[in-house]
Structure formats: structure tokens, C-alpha cells
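Read through the structure below, which is laid out as C-alpha cells, and then see the notes.
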Amino acid sequence: MHYRTIGTAKQNAAGQVVNAVLLLQGNSGTGANWFRPTLADELFKPGQPLDPANYYIIIPDALGRGGSSRPSDGLKGRFPHYRYHDMVDLTHRLVTDGLKVAHLRLIIGSSLGCMQQFLWAEWYPELMDGTVGLSCQPVEISGRNYMLRRAAAELIRHDPPGITENTIRAQRSTSTPRPATT
């Protein structure tokens, strides 16, 4: 699992980190999304809510995203199926076993990360002071959103190796450019 950290970890007498904040990103991005100037300037500058002088901020790329393991790394449809609980379990292991965090001051999750923060709050309430969810609701995916996600997953799952990639390349090489608009 790929992750980034900013700030300095403060440890208790047992060597466990006690000033950590966990930031979980949305479905279509990576942990780098938190560094967009419009967001980072409001969060991470001195005196701002997540001032790195005060907090050790952990920003993982979710399983299946960014630098973390994902189907496009080669396994494609053979990539192990995973769900929210798998993403939370893996991130929990990174935080507690890998980074030796004894206590999180806060978890902030956006979109996909928001859905995960609900599970963190339910499964590990003693591990954190609180959570903040952005851009999500605690309901299952339904309607058109479910249909589109399910269709995309099925297309990937049932795609013979390389067919979609080769078809897209062929379409790009034979397509005619669109006229410029004024």
C-alpha cells in the first residue's frame, strides 16, 4: 500500500505515535488530491487546522488506486475482489502495525474515504478522537450509480486480456479529428 506522510510523529514512552491524523481520499483520486493548492493551503499551512508542526498526517492511496496495488498492474479481472472492509483492514494494518500509531487524533474521509471512515468509527472507536466525513452518505450505492459501477466492473471482469486496450488504441488511430470550435 502506497502512502505519504507530512509532519513529525510524536511518540509516547512505548514508542507509539500519538499525534496522527488519517486522510482518506475519494474513489477517483489518490492521496495527492489532498495537496491541491485550493485544499492544502487551507489545511496544512502553519496555523491551519492540520498544521504539520502539530500533527503527523498519513495519506494512503486506497487499495486499487494510485501507487497501491490495483487491477491494472497486470492481474486485471484476476485481481482479488475487495470491498470497503478490505480497504479499511489494510489501512488499519498500515497505520497500527506499519507506522506504530497508537491513537489517531482524527480521520477525515472524502467520498470513498468517507464511506471508510464510517467503518473506522464503528470498528475502532477507541483508536481515534473523532471522524469527519465529506461527500457521502451512510447508505448503500443504488440506482444509476450502482448500475454504472456494476457495468464497469463486469466489463473489466469479462474482458479478454488486452482486447479493450487494443480496441481503444485502434479507435484512436483511425478516428478523425474533431473540427475546432470558436
Side-chain angles (χ1 to χ4, degrees), residues 1-9 16-45 48-52 54-73 79-153 156:
M1 174 171 250
H2 180 262
Y3 67 95
R4 302 158 178 82
T5 62
I6 57 175
T8 303
Q16 298 170 314
V17 177
V18 293
N19 67 326
V21 172
L22 180 63
L23 301 181
L24 302 169
Q25 91 283 343
N27 190 41
S28 61
T30 69
N33 289 2
W34 293 99
F35 294 103
R36 291 182 308 221
T38 55
L39 192 55
D41 290 350
E42 302 299 322
L43 289 176
F44 306 130
K45 296 243 178 175
Q48 296 296 17
L50 297 179
D51 183 342
N54 299 320
Y55 299 104
Y56 178 59
I57 303 162
I58 304 164
I59 310 171
D61 288 346
L63 180 62
R65 311 286 182 275
S68 295
S69 296
R70 58 188 185 271
S72 61
D73 288 340
F79 193 82
H81 293 238
Y82 61 95
R83 304 218 183 274
Y84 287 124
H85 69 272
D86 299 306
M87 291 185 262
V88 171
D89 180 58
L90 186 60
T91 305
H92 179 262
R93 290 175 28 207
L94 165 71
V95 168
T96 57
D97 298 340
L99 298 175
K100 306 295 183 210
V101 172
H103 186 78
L104 290 162
R105 298 296 310 271
L106 180 65
I107 297 175
I108 300 175
S110 173
S111 189
L112 170 76
C114 177
M115 297 304 285
Q116 293 177 52
Q117 65 83 34
F118 285 125
L119 292 176
W120 277 85
E122 181 182 347
W123 295 348
Y124 310 110
E126 73 291 341
L127 185 62
M128 71 209 69
D129 291 336
T131 67
V132 175
L134 307 170
S135 302
C136 78
Q137 295 180 8
V139 295
E140 68 181 73
I141 296 172
S142 63
R144 186 176 71 167
N145 193 355
Y146 174 81
M147 181 184 69
L148 292 173
R149 288 173 186 251
R150 178 64 185 239
I156 292 167

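Predicted, not measured: the structure shown is a model, and the values here were computed from it. When reading the values below, keep in mind they use all heavy atoms of this one structure, side chains included, and skip hydrogens, waters and symmetry mates.
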Shortest non-hydrogen contact from M87 to L112? CE-CD1, 3.9 Å

Not counting sequence neighbours, list each pair that qualifies as a disulfide (SG to SG under 2.5 Å) and has a residue in residues 95-140. C114-C136

What are the two closest heavy atoms between I107 and Q117, and how far apart are they? CG2-CB, 3.8 Å

To check you understand the geometry: which heavy-atom pair defines the closest contact between L43 and Q48, and what is its length? O-CB, 3.4 Å

As an exercise, state the distance from OH of Y56 to CD1 of I6, rounded to the nearest 0.5 Å. 11.0 Å

With H103 as partner, the option from D129, N19, T96 fulfilling side chain to side chain donor-acceptor pair (under 3.5 Å) is D129

Look at R93 together with D97 and state whether they make a salt bridge at an N to O cut-off of under 4.0 Å. no

From L106 CG over to T131 OG1, what is the distance, rounded to the nearest 0.5 angstrom? 7.5 Å

Derivation of the side-chain contact (heavy atoms from CB on, under 4.5 Å) call for W34 and I57: CA-CA 11 Å; W34 293 99; I57 303 162; over 6 Å; no

Quick one: does M128's side chain get under 4.5 Å of L22's, heavy atoms only? no

Could you check whether any side-chain heavy atom of I108 comes within less than 4.5 Å of a side-chain heavy atom of L50, counting everything from C-beta outward? yes

Could you tell me whether the side chain of I58 reaches within less than 4.5 Å of the side chain of P60, counting heavy atoms only? yes

What pair of heavy atoms forms the shortest contact from L23 to F44, and how long is it? CD1-CZ, 3.7 Å

Y146, OH atom: more than 12 neighbouring heavy atoms under 6.0 Å: no

The side chain to side chain contact (heavy atoms under 4.5 Å, CB included) partners of Q16 (sequence neighbours excluded) come to N12, A14, A102

Can you check side-chain contact (heavy atoms from CB on, under 4.5 Å) on L104 and Y124, steps first, answer last? CA-CA 10 Å; L104 290 162; Y124 310 110; over 6 Å; no

Give the C-alpha distance, both sets of side-chain angles, the deciding distance and a yes or no for side-chain contact (heavy atoms from CB on, under 4.5 Å) between T91 and Y3. CA-CA 10 Å; T91 305; Y3 67 95; over 6 Å; no

Minimal heavy-atom distance between R4 and D61, with the atoms involved, is NH1-OD1, 2.8 Å

Closest heavy-atom pair and its distance - G113, L24: CA-CB, 3.6 Å

Nearest 0.5 Å please: distance from the CG atom of L94 over to the CE atom of M1. 6.5 Å

Given side chains that start at C-beta, do those of W120 and L127 come closer than 4.5 Å, heavy atoms only? yes

Interatomic distance, CH2@W123 vs CD@Q116, rounded to 0.5 Å, equals 9.5 Å

Run the side chain to side chain contact (heavy atoms under 4.5 Å, CB included) test against E122 and tell me which residues pass, sequence neighbours left out. L119

